[in-house]
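So that the names make sense, note that chain A is the first sequence line, chain B the second, and so on, each numbered from 1. This one's a predicted model, so the numbers in the text were calculated from it and none came from an experiment.
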Number of protein chains: 2
Amino acid sequence: MRDELRERGLRLTPQRELVLTAVRALGHATPEDIAEYIHRTHPSINLSTVYRNLETLENVGLVLHTHLGHGGATYHAAEEVNHLHLVCGKCGSVGEAPIETAATFVNALADDYGFKTDVTHFAVYGKCTKCSEES
Amino acid sequence: MRDELRERGLRLTPQRELVLTAVRALGHATPEDIAEYIHRTHPSINLSTVYRNLETLENVGLVLHTHLGHGGATYHAAEEVNHLHLVCGKCGSVGEAPIETAATFVNALADDYGFKTDVTHFAVYGKCTKCSEES
DNA sequence: CGCTAAACGCAAATCACTTGCAATTCGCGC
DNA sequence: GCGCGAATTGCAAGTGATTTGCGTTTAGCG
């Protein structure tokens with residue numbers, strides 16, 4: 001990590017390391033979640049520092065974000081993002097499905113429209129099993 | 001339209017009609033776009049009125065919204081939403097593809113995970129033809 | 001060590017909506 | 001037609017999430 005940063009003239013600060021650790025520990029996490037998590041052990045870290053570091057780490061490629069709901073983005077460690085997100089519009093739950101499920105769909109878009117899909121960046125929206133049964 | 005509204009105890013105000021007209025005229029439009037469009041002919045309409053009417057019209061089923069980018073939602077007339085949205089993360093362009101393209105994908109999610117996908121609500125994210133060629 | 005650009009903390013600013021409220025107006029009933 | 005109550009509007013203030021300006025601190029090359 002230190003090297004990946006230094007290559008781009010960036011520094012490895014304690015705060016930056018904490019943000020990455022938090023992202024890795026939390027899975028799907030909003031900037032707020034991440035800040036709160038870090039606060040438990042390091043109360044002095046500033047929310048804007050968390051935002052700035054998420055951006056930096058994303059540029060370097062160590063984390064990335066996905067849009068799961070109407071609200072804000074959620075961040076993931078780069079090596080963890082190997083699934084689709086299935087967001088339920090009713091109960092808000094976030095399910096997962098292997099990327100391969102979308103393989104033929106992605107290929108069709110590539111072949112017919114020249115569009116290279118990044119299926120992990122946006123959520124797949126709909127209704128989960130539970131909510132479908134209920135209503 | 002008047003009737004669809006009245007059935008629910010709602011009124012047909014000039015502003016409400018303007019909002020629907022604007023949505024139909026604009027295609028993919030943010031609330032801001034819609035307000036601006038209406039402002040050209042009716043400068044006195046308030047932004048919050050636009051937001052409130054979009055919500056109302058959405059409840060009635062005359063319009064609906066989709067999440068295309070990092071920013072806000074974009075609204076469509078209900079009868080126009082018969083396509084997927086292909087959002088380019090680089091140039092921001094919004095392409096379209098017929099819903100059927102996703103049919104097998106949607107079925108796979110339904111069969112394997114019991115998840116009922118609404119493919120129009122969120123965008124498909126990736127890189128468009130042009131941007132793929134360039135970089 | 002010393003220095004300088006990168007990164008921080010903090011407070012204020014911005015953005016995209018949302019809400020409270022008093023004034024207006026639609027549209028059913030007379 | 002006219003009145004009246006509830007729906008709707010305009011305006012201004014309020015949120016929640018994120019960004020930005022800036023003076024201070026600090027990582028890390030030399």
Student: For DNA chain D, which residues of residues 47-63 of chain B approach it to below 4.0 angstrom with any heavy atom?
Tutor: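 Correct list: B:S48, B:T49, B:R52, B:N53.
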
Student: Answer yes or no: is there a side-chain heavy-atom contact under 4.5 Å between A:D3 and A:R6?
Tutor: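 SC-SC contact between A:D3 and A:R6 confirmed.
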
Student: Identify each donor-acceptor pair in which a side-chain atom of residues 97-107 of chain A lies under 3.5 Å from a protein atom, sequence neighbours left out, and give them as a table.
Tutor:
from   : atom 1 : to     : atom 2 : distance (Å)
A:T101 : OG1    : A:P98  : O      : 2.8
A:N107 : ND2    : A:A103 : O      : 3.3

Student: Please name all residues satisfying ring pair (Phe, Tyr, Trp, His ring centres under 6.0 Å) with A:H83, sequence neighbours left out, ordered by chain then number.
Tutor: A:H28, A:H85

Student: Answer whether the closest heavy-atom distance between the side chains of B:V94 and B:L86 falls below 4.5 Å.
Tutor: no

Student: Not counting sequence neighbours, which residues clear salt bridge (charged side-chain N to carboxylate O under 4.0 Å, His left out) with B:E79? List them please.
Tutor: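 B:R24.
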
Student: Below 4.0 angstrom, which residues in residues 5-12 of chain A have at least one non-hydrogen atom near DNA chain C?
Tutor: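 Result for residues 5-12 of chain A: A:G9, A:L10, A:R11, sorted by number.
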
Student: Check whether any side-chain heavy atom of B:L62 lies under 4.5 Å from a side-chain heavy atom of B:E4, and answer yes or no.
Tutor: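 The answer is yes, as the side chains (C-beta and beyond) meet within the 4.5 Å cut-off.
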
Student: Rounded to whole Å, please give me the gap between CG in A:N46 and C1' in D:dT18.
Tutor: 12 Å

Student: Return the set of residues passing side-chain contact (heavy atoms from CB on, under 4.5 Å) with A:S48 (not counting sequence neighbours), or none when no residue passes.
Tutor: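 For A:S48, the residues satisfying side-chain contact (heavy atoms from CB on, under 4.5 Å) (neighbours in sequence not counted) are A:N46, A:R52.
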
Student: How far does OG1 of B:T13 sit from CG of B:L18, to the nearest 0.5 angstrom?
Tutor: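 Those atoms lie 8.5 Å apart.
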
Student: If the condition is side-chain contact (heavy atoms from CB on, under 4.5 Å), which residues does A:L10 pass it with, not counting sequence neighbours?
Tutor: A:L5, A:R8, A:R16, A:T56, A:V60

Student: Are any of A:Q15's side-chain N or O atoms less than 4.0 Å away from OP1 or OP2 of D:dT26?
Tutor: no

Student: So which pairs with a foot in residues 29-49 of chain B pass ring-ring contact (aromatic ring centres under 6.0 Å, His included), sequence neighbours left out?
Tutor: none

Student: Please walk me through it: do B:H67 and B:H65 pass side-chain contact (heavy atoms from CB on, under 4.5 Å)?
Tutor: CA-CA 7 Å; B:H67 295 276; B:H65 74 273; 3.5 Å; yes

Student: In whole angstrom, what separates B:R16's CZ from D:dT8's P?
Tutor: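 B:R16 atom CZ is separated from D:dT8 atom P by 4 Å.
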
Student: Between A:I45 and B:T13, which has a closest nucleotide on DNA chain C that is more 5'?
Tutor: A:I45

Student: Mind checking what makes salt bridge (charged side-chain N to carboxylate O under 4.0 Å, His left out) contact with B:E55, not counting sequence neighbours?
Tutor: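 Partners of B:E55 under the salt bridge (charged side-chain N to carboxylate O under 4.0 Å, His left out) test: none.
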
Student: First and last nucleotide of DNA chain C in contact with chain A, 5' to 3', at under 4.0 Å to a heavy atom: what are they?
Tutor: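 Here the contact window of chain A covers C:dA5 to C:dC10.
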
Student: Just distance, no hydrogens or angles: give the donor-acceptor pairs under 3.5 Å from side chains in residues 108-119 of chain B, sequence neighbours left out.
Tutor:
from   : atom 1 : to     : atom 2 : distance (Å)
B:D118 : OD1    : B:T120 : N      : 3.1
B:D118 : OD1    : B:T120 : OG1    : 2.9

Student: Any residue in residues 22-42 of chain B with a heavy atom nearer than 4.0 angstrom to DNA chain D? Just list them by number, or reply none.
Tutor: none

